Amino acid sequence: QVQLVESGGGLVQAGGSLRLSCAASGCTASTYARGWFRQAPGMQREFVAAISWSGGSTYYADSGKGRFTISRDNAKNTVYLQMNSLKPEDTAVYYCAYKVVVYSSSYFTREYEYNYWGQGTQVTVSS
């Protein structure tokens, strides 16, 4: 069983930055893709960013393009989400996700494609 623990959330003013981290532990697979999703109050959870096992392929939702950067450190089983120029509409609980894969270049953008989820970390952006 894989456990995912997010950290780095908090309260920040509009225009500020935060860096989220998500560490995986337990029976981690040899190759796995990672993703970030978020859920604002009263809204469905939505895709934010994804990265392949190799790190060579990344994909972003339009809402984060140019502001967010996903990266990973496989030696630490950790994925990161650097968020810059934050806006009040970025306020949400951010979840990391983990998917066992065969191909190291694959990334995934749909919730149902992921095998494991973290508990979430709250990000609040004040105006």
Side-chain angles (χ1 to χ4, degrees):
Q1 187 74 8
V2 175
Q3 292 83 43
L4 303 176
V5 179
E6 299 102 335
S7 61
L11 173 63
V12 64
Q13 289 188 331
S17 299
L18 283 174
R19 188 193 194 206
L20 306 183
S21 300
C22 178
S25 62
C27 300
T28 55
S30 56
T31 53
Y32 50 91
R34 304 297 297 273
W36 286 97
F37 290 74
R38 69 185 183 185
Q39 186 169 21
M43 305 292 286
Q44 290 188 335
R45 190 154 56 183
E46 64 177 7
F47 168 76
V48 175
I51 188 167
S52 62
W53 160 254
S54 66
S57 298
T58 57
Y59 189 80
Y60 299 90
D62 287 344
S63 58
K65 285 181 180 176
R67 300 187 300 126
F68 295 177
T69 302
I70 187 171
S71 61
R72 63 188 295 164
D73 183 339
N74 289 341
K76 297 181 179 179
N77 293 328
T78 300
V79 64
Y80 306 95
L81 185 67
Q82 177 68 44
M83 304 186 293
N84 300 327
S85 302
L86 282 162
K87 306 174 182 179
E89 51 263 45
D90 294 317
T91 295
V93 177
Y94 284 70
Y95 298 90
C96 69
Y98 174 114
K99 174 179 173 57
V100 177
V101 297
V102 174
Y103 301 105
S104 63
S105 61
S106 300
Y107 59 82
F108 303 86
T109 63
R110 297 177 179 85
E111 284 189 67
Y112 68 82
E113 295 178 304
Y114 285 90
N115 306 112
Y116 300 99
W117 293 84
Q119 292 299 307
T121 185
Q122 176 70 48
V123 171
T124 303
V125 184
S126 63
S127 57

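Computed from a predicted model, the values in this text were never measured in an experiment.
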If you count every heavy atom of other residues, nucleotides or ligands that lies below 6.0 Å from Q119 atom CD, does the total exceed 12?
no

What one should report as the nearest heavy-atom pair of S17 and S85 is OG-N, 4.3 Å

When you group the ILVMFWY residues by side-chain heavy-atom contacts below 4.5 Å and let the links chain together, are V2 and W53 in the same group?
yes

Could you check whether atom OH of Y59 has more than 12 heavy atoms from other residues, nucleotides or ligands sitting under 6.0 Å from it?
no

Could you check whether R67 makes a cation-pi contact with Y60, meaning its NZ or CZ is under 6.0 Å from the centre of the six-membered ring and within 45° of the ring axis?
no

Reported CZ-to-CG distance for the pair F68 and L81, which is rounded to 0.5 angstrom
6.0 Å

Heavy-atom distance under 4.5 Å between the side chains of Y94 and T121, does that happen here?
yes

Check each of W117, Y98, Y95 against F37 using the ring pair (Phe, Tyr, Trp, His ring centres under 6.0 Å) test, and report the only one that passes.
W117

What distance do Y80 atom OH and D73 atom CG have between them, rounded to the nearest 0.5 Å?
5.0 Å

All heavy atoms of A40 vs all of A92, minimum pair found to be N-CB, 3.8 Å

Between NZ of K99 and OG1 of T31, what distance do you get to the nearest 0.5 Å?
10.5 Å

Value for OG (S52) from CD1 (I70), rounded to nearest 0.5 Å, stands at 9.5 Å

What distance separates E46 CD from E111 CD, expressed to the nearest 0.5 Å?
10.0 Å

Between V79 and S71, what is the shortest heavy-atom contact and its length?
CG2-O, 3.1 Å

If the plane angle is over 60° it's perpendicular, under 30° parallel, otherwise tilted; pick one for F108 and Y114.
perpendicular

Any heavy-atom pair between the side chains of T58 and R72 that's under 4.5 Å?
no

Closest non-hydrogen contact found for A14 with S127 is CB-CA, 4.4 Å

Between atom CZ of F47 and atom CD of E113, what is the distance when rounded to the nearest 0.5 Å?
10.0 Å

Compare every heavy atom of Q1 with every heavy atom of Q3, then report the nearest pair and how far apart it is.
NE2-O, 3.1 Å

Could you pull out the closest heavy-atom pair between V123 and G9, with the gap in Å?
CG2-CA, 4.2 Å

Stepwise side-chain contact (heavy atoms from CB on, under 4.5 Å) check, R34 with L4
CA-CA 11 Å; R34 304 297 297 273; L4 303 176; 3.8 Å; yes

Criterion side chain to side chain contact (heavy atoms under 4.5 Å, CB included) against R38, the qualifying member of D90, L20, T91:
D90

Hydrophobic cluster membership, Y107 vs W36, 4.5 Å side-chain cutoff:
no

Donor-acceptor pair, distance only, cut-off 3.5 Å: does the side chain of E6 make one with the backbone of G120?
yes

